[in-house]
Amino acid sequence: MNRLRKNSNAVSGNFMETVSPKMIMAAILLIIMAGLWIRVLLRDRSGPAKAAAQSVVPSAAVADPAEKSVRIQPLTLPVVSGRHDRIQTDPFIMDASQWFNDSKQTPATSSKISDVDWKEQKTKADLHRIAQRLVLEAVVKDTDGVPIKACVNGTVLFRGSTIKVQENGELYELKVTEIRATEIKLVWQVFDLTIRMPSSEWLNS
(Lines give C-alpha, C1' and ligand atoms only; values in the text may rest on other atoms or scores of the structure.)
Protein backbone atom coordinates (compact mmCIF):
# COMPACT_ATOMS: atom_id res chain seq x y z
CA MET A 1 0.00 0.00 0.00
CA ASN A 2 2.77 2.37 0.85
CA ARG A 3 4.42 1.60 -2.44
CA LEU A 4 1.17 2.35 -4.36
CA ARG A 5 0.76 5.66 -2.58
CA LYS A 6 4.34 6.58 -3.32
CA ASN A 7 3.89 5.62 -6.98
CA SER A 8 0.63 7.60 -7.32
CA ASN A 9 2.18 10.66 -5.70
CA ALA A 10 5.13 10.37 -8.00
CA VAL A 11 2.88 10.09 -11.08
CA SER A 12 0.74 13.10 -10.02
CA GLY A 13 3.83 15.16 -9.30
CA ASN A 14 5.31 14.31 -12.68
CA PHE A 15 1.95 15.20 -14.40
CA MET A 16 1.74 18.63 -12.68
CA GLU A 17 5.29 19.35 -13.64
CA THR A 18 4.70 18.48 -17.31
CA VAL A 19 1.38 20.56 -17.63
CA SER A 20 2.03 24.30 -18.09
CA PRO A 21 -0.22 27.06 -16.63
CA LYS A 22 -1.10 28.22 -20.15
CA MET A 23 -2.66 24.90 -20.96
CA ILE A 24 -4.69 25.05 -17.77
CA MET A 25 -6.04 28.53 -18.64
CA ALA A 26 -6.87 27.40 -22.17
CA ALA A 27 -8.78 24.42 -20.82
CA ILE A 28 -10.77 26.65 -18.45
CA LEU A 29 -11.67 29.02 -21.29
CA LEU A 30 -12.77 26.12 -23.49
CA ILE A 31 -15.01 24.83 -20.72
CA ILE A 32 -16.59 28.28 -20.24
CA MET A 33 -17.14 28.69 -23.97
CA ALA A 34 -18.71 25.27 -24.22
CA GLY A 35 -21.07 26.14 -21.38
CA LEU A 36 -22.15 29.35 -23.14
CA TRP A 37 -22.83 27.55 -26.39
CA ILE A 38 -24.85 24.91 -24.59
CA ARG A 39 -26.88 27.66 -22.92
CA VAL A 40 -27.60 29.32 -26.25
CA LEU A 41 -28.62 26.03 -27.91
CA LEU A 42 -30.83 24.99 -25.02
CA ARG A 43 -32.39 28.46 -24.73
CA ASP A 44 -36.15 28.80 -24.89
CA ARG A 45 -37.15 29.23 -28.49
CA SER A 46 -40.15 31.40 -27.65
CA GLY A 47 -37.99 34.55 -27.98
CA PRO A 48 -38.57 35.10 -31.73
CA ALA A 49 -42.29 34.58 -31.22
CA LYS A 50 -42.28 37.27 -28.54
CA ALA A 51 -40.33 39.59 -30.81
CA ALA A 52 -42.86 38.99 -33.58
CA ALA A 53 -45.67 39.79 -31.15
CA GLN A 54 -43.97 43.01 -30.20
CA SER A 55 -43.58 43.98 -33.82
CA VAL A 56 -47.32 43.46 -34.31
CA VAL A 57 -48.19 45.94 -31.55
CA PRO A 58 -47.49 49.08 -33.60
CA SER A 59 -49.65 47.78 -36.45
CA ALA A 60 -52.47 47.20 -33.97
CA ALA A 61 -52.02 50.76 -32.71
CA VAL A 62 -52.22 52.07 -36.26
CA ALA A 63 -55.44 50.18 -36.74
CA ASP A 64 -56.98 52.04 -33.80
CA PRO A 65 -60.09 53.89 -35.07
CA ALA A 66 -59.49 56.73 -32.61
CA GLU A 67 -56.23 57.59 -34.35
CA LYS A 68 -57.79 57.30 -37.79
CA SER A 69 -60.26 60.04 -36.86
CA VAL A 70 -57.40 62.57 -36.43
CA ARG A 71 -56.84 64.28 -39.76
CA ILE A 72 -54.80 67.30 -40.75
CA GLN A 73 -56.56 69.59 -43.16
CA PRO A 74 -55.02 72.67 -44.81
CA LEU A 75 -56.48 76.03 -43.86
CA THR A 76 -56.66 78.82 -46.40
CA LEU A 77 -55.52 82.13 -44.90
CA PRO A 78 -57.05 85.42 -46.10
CA VAL A 79 -54.89 87.41 -48.48
CA VAL A 80 -54.96 91.18 -47.98
CA SER A 81 -53.74 93.19 -50.92
CA GLY A 82 -50.70 95.32 -50.15
CA ARG A 83 -49.88 93.61 -46.85
CA HIS A 84 -47.75 90.64 -47.83
CA ASP A 85 -47.09 91.17 -51.53
CA ARG A 86 -44.56 93.98 -51.16
CA ILE A 87 -41.60 94.95 -48.99
CA GLN A 88 -42.47 97.50 -46.35
CA THR A 89 -38.94 98.90 -46.17
CA ASP A 90 -36.71 98.71 -49.21
CA PRO A 91 -33.10 98.17 -48.02
CA PHE A 92 -31.74 99.54 -51.30
CA ILE A 93 -33.21 103.03 -50.78
CA MET A 94 -30.83 105.40 -49.04
CA ASP A 95 -33.57 107.84 -47.97
CA ALA A 96 -33.71 107.55 -44.18
CA SER A 97 -37.25 108.94 -44.02
CA GLN A 98 -38.59 105.81 -45.74
CA TRP A 99 -37.28 103.61 -42.95
CA PHE A 100 -39.91 104.98 -40.54
CA ASN A 101 -43.64 104.82 -41.07
CA ASP A 102 -46.30 107.19 -39.77
CA SER A 103 -47.01 105.09 -36.69
CA LYS A 104 -43.43 105.52 -35.53
CA GLN A 105 -43.43 109.26 -36.20
CA THR A 106 -46.61 109.91 -34.22
CA PRO A 107 -45.10 109.13 -30.76
CA ALA A 108 -42.12 111.37 -31.56
CA THR A 109 -44.43 114.27 -32.43
CA SER A 110 -46.50 113.74 -29.30
CA SER A 111 -43.33 113.61 -27.18
CA LYS A 112 -42.20 116.95 -28.63
CA ILE A 113 -45.56 118.49 -27.80
CA SER A 114 -45.41 117.12 -24.29
CA ASP A 115 -41.91 118.57 -23.85
CA VAL A 116 -43.16 122.01 -24.92
CA ASP A 117 -46.07 121.80 -22.50
CA TRP A 118 -43.78 120.68 -19.70
CA LYS A 119 -41.38 123.59 -20.31
CA GLU A 120 -44.28 126.06 -20.38
CA GLN A 121 -45.66 124.74 -17.12
CA LYS A 122 -42.21 124.89 -15.54
CA THR A 123 -41.74 128.50 -16.68
CA LYS A 124 -45.13 129.53 -15.30
CA ALA A 125 -44.33 127.92 -11.96
CA ASP A 126 -40.92 129.63 -11.80
CA LEU A 127 -42.38 133.04 -12.62
CA HIS A 128 -45.12 132.55 -10.01
CA ARG A 129 -42.48 131.89 -7.35
CA ILE A 130 -40.49 134.91 -8.54
CA ALA A 131 -43.58 137.12 -8.26
CA GLN A 132 -43.99 135.98 -4.66
CA ARG A 133 -40.33 136.70 -3.87
CA LEU A 134 -40.18 140.19 -5.37
CA VAL A 135 -41.42 142.99 -3.12
CA LEU A 136 -42.31 146.47 -4.33
CA GLU A 137 -40.81 148.58 -1.56
CA ALA A 138 -41.36 152.09 -2.89
CA VAL A 139 -42.47 154.12 -5.89
CA VAL A 140 -40.86 157.46 -6.84
CA LYS A 141 -42.98 160.12 -8.57
CA ASP A 142 -41.99 163.22 -10.50
CA THR A 143 -43.19 166.78 -9.79
CA ASP A 144 -46.44 166.07 -11.65
CA GLY A 145 -47.16 163.00 -9.48
CA VAL A 146 -46.42 160.50 -12.24
CA PRO A 147 -44.60 157.33 -11.04
CA ILE A 148 -41.22 157.15 -12.76
CA LYS A 149 -39.14 154.81 -10.59
CA ALA A 150 -39.72 151.84 -8.32
CA CYS A 151 -37.64 150.06 -5.73
CA VAL A 152 -37.92 146.28 -5.89
CA ASN A 153 -35.93 144.19 -3.41
CA GLY A 154 -33.49 147.05 -2.95
CA THR A 155 -33.02 147.67 -6.69
CA VAL A 156 -34.19 150.91 -8.29
CA LEU A 157 -35.98 150.30 -11.56
CA PHE A 158 -37.55 152.52 -14.20
CA ARG A 159 -39.55 151.82 -17.32
CA GLY A 160 -37.46 149.78 -19.77
CA SER A 161 -34.88 148.61 -17.23
CA THR A 162 -34.35 144.92 -16.41
CA ILE A 163 -33.85 142.87 -13.30
CA LYS A 164 -32.26 139.41 -13.30
CA VAL A 165 -33.69 136.75 -11.01
CA GLN A 166 -32.56 133.12 -10.74
CA GLU A 167 -35.13 130.44 -10.03
CA ASN A 168 -34.96 126.65 -10.26
CA GLY A 169 -31.62 126.72 -12.07
CA GLU A 170 -32.83 129.21 -14.70
CA LEU A 171 -31.87 132.89 -15.01
CA TYR A 172 -34.82 135.11 -15.90
CA GLU A 173 -34.23 138.67 -17.12
CA LEU A 174 -37.43 140.57 -16.39
CA LYS A 175 -38.14 143.89 -18.11
CA VAL A 176 -40.18 146.71 -16.53
CA THR A 177 -43.03 147.72 -18.84
CA GLU A 178 -45.19 149.85 -16.55
CA ILE A 179 -44.88 151.62 -13.19
CA ARG A 180 -47.95 152.62 -11.21
CA ALA A 181 -48.54 154.07 -7.77
CA THR A 182 -48.98 150.70 -6.05
CA GLU A 183 -47.69 148.18 -8.59
CA ILE A 184 -45.32 147.56 -11.46
CA LYS A 185 -45.55 145.20 -14.41
CA LEU A 186 -42.71 143.02 -15.64
CA VAL A 187 -42.47 140.87 -18.75
CA TRP A 188 -40.34 137.91 -19.78
CA GLN A 189 -40.85 136.77 -23.36
CA VAL A 190 -44.64 136.28 -23.55
CA PHE A 191 -45.25 136.06 -19.80
CA ASP A 192 -46.39 139.01 -17.67
CA LEU A 193 -45.84 139.56 -13.95
CA THR A 194 -47.47 142.10 -11.69
CA ILE A 195 -45.69 143.08 -8.49
CA ARG A 196 -47.92 144.97 -6.04
CA MET A 197 -46.94 146.98 -3.03
CA PRO A 198 -47.80 145.21 0.24
CA SER A 199 -50.84 146.59 2.01
CA SER A 200 -50.73 148.04 5.48
CA GLU A 201 -52.72 145.10 6.83
CA TRP A 202 -50.06 142.69 5.51
CA LEU A 203 -47.25 144.77 7.05
CA ASN A 204 -48.97 144.96 10.44
CA SER A 205 -49.54 141.21 10.53
Side-chain angles (χ1 to χ4, degrees), residues 66-205:
E67 293 190 2
K68 284 185 178 181
S69 62
V70 178
R71 295 181 181 179
I72 299 176
Q73 296 181 353
L75 179 61
T76 303
L77 297 176
V79 178
V80 180
S81 179
R83 177 179 294 179
H84 305 293
D85 55 354
R86 65 180 179 180
I87 301 176
Q88 184 177 4
T89 303
D90 192 350
F92 298 100
I93 297 178
M94 301 304 295
D95 188 6
S97 61
Q98 296 189 14
W99 287 82
F100 302 96
N101 53 19
D102 296 335
S103 62
K104 292 182 180 179
Q105 292 179 357
T106 302
T109 305
S110 62
S111 64
K112 290 181 180 179
I113 295 174
S114 63
D115 290 342
V116 172
D117 293 340
W118 179 81
K119 288 181 180 179
E120 184 177 354
Q121 292 177 1
K122 177 180 177 296
T123 301
K124 288 181 178 180
D126 292 345
L127 294 176
H128 180 69
R129 286 192 292 269
I130 289 174
Q132 292 180 344
R133 285 169 49 191
L134 297 179
V135 178
L136 178 59
E137 299 172 347
V139 174
V140 179
K141 300 179 182 179
D142 59 3
T143 56
D144 296 331
V146 178
I148 57 174
K149 294 181 182 181
C151 181
V152 178
N153 286 29
T155 302
V156 178
L157 303 174
F158 54 89
R159 185 177 299 176
S161 62
T162 58
I163 180 173
K164 295 180 180 179
V165 182
Q166 189 170 4
E167 179 66 31
N168 197 14
E170 297 288 340
L171 183 62
Y172 296 92
E173 188 173 355
L174 307 176
K175 183 179 180 180
V176 180
T177 59
E178 188 176 354
I179 299 176
R180 295 182 180 179
T182 58
E183 65 182 22
I184 64 171
K185 290 188 177 181
L186 308 173
V187 65
W188 184 81
Q189 293 183 358
V190 296
F191 301 96
D192 297 331
L193 284 82
T194 301
I195 308 300
R196 294 182 175 85
M197 187 177 293
S199 61
S200 58
E201 295 177 0
W202 180 80
L203 291 174
N204 293 330
S205 62

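Start at 1 with the first residue, then count along the sequence.
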Ile72: side chain to side chain contact (heavy atoms under 4.5 Å, CB included) partners, not counting sequence neighbours: none
Please name the residue in the list Val135, Leu157, Ile163, Ile184 that meets the side-chain contact (heavy atoms from CB on, under 4.5 Å) test with Ile195. Ile184
Is any side-chain heavy atom of Trp188 closer than 4.5 Å to a side-chain heavy atom of Thr123? yes
Return the CG to CD1 distance between Leu186 and Ile130, rounded to the nearest 0.5 Å. 9.5 Å
With distance as the sole test, does Asp144 use its side chain to make a donor-acceptor pair with the main-chain N or O of Val146 at under 3.5 Å? no
Would you give the length of the straight line joining atom OG1 of Thr194 to atom CG of Leu136, rounded to the nearest 0.5 angstrom? 11.0 Å
As a test of understanding, state which of Gln121, His128, Glu120 forms a side-chain contact (heavy atoms from CB on, under 4.5 Å) with Lys124. Glu120
Spell out, as yes or no, whether a donor-acceptor pair under 3.5 Å connects the side chain of Glu137 to the backbone of Gly154. yes
For Thr162 against Glu173, the heavy-atom pair lying closest together: OG1-OE2, 3.5 Å
How far apart are the closest heavy atoms of Asn153 and Arg133, and which atoms are they? ND2-O, 3.5 Å
To the closest 0.5 Å, what do you measure between CG (Leu174) and NZ (Lys164)? 11.5 Å
Between CE of Met197 and CD of Glu183, what distance do you get to the nearest 0.5 Å? 10.0 Å
Considering the options Val176, Val139, Val156, which one meets the side-chain contact (heavy atoms from CB on, under 4.5 Å) requirement together with Lys149? Val156
With a 4.5 Å cut-off on side-chain heavy atoms, are Lys185 and Asp192 touching? no
Of all residues at least two apart in sequence or in a different chain, which pass the side chain to side chain contact (heavy atoms under 4.5 Å, CB included) check with Lys122? Trp118, Asp126, Asn168, Glu170, Tyr172
Are the side chains of Ile179 and Val140 in contact, using a 4.5 Å heavy-atom criterion? no
How far apart are the closest heavy atoms of Ala181 and Pro147, and which atoms are they? N-CG, 3.8 Å
Measure the spacing between CD1 of Ile148 and NZ of Lys141 and express it to the nearest 0.5 Å. 11.5 Å
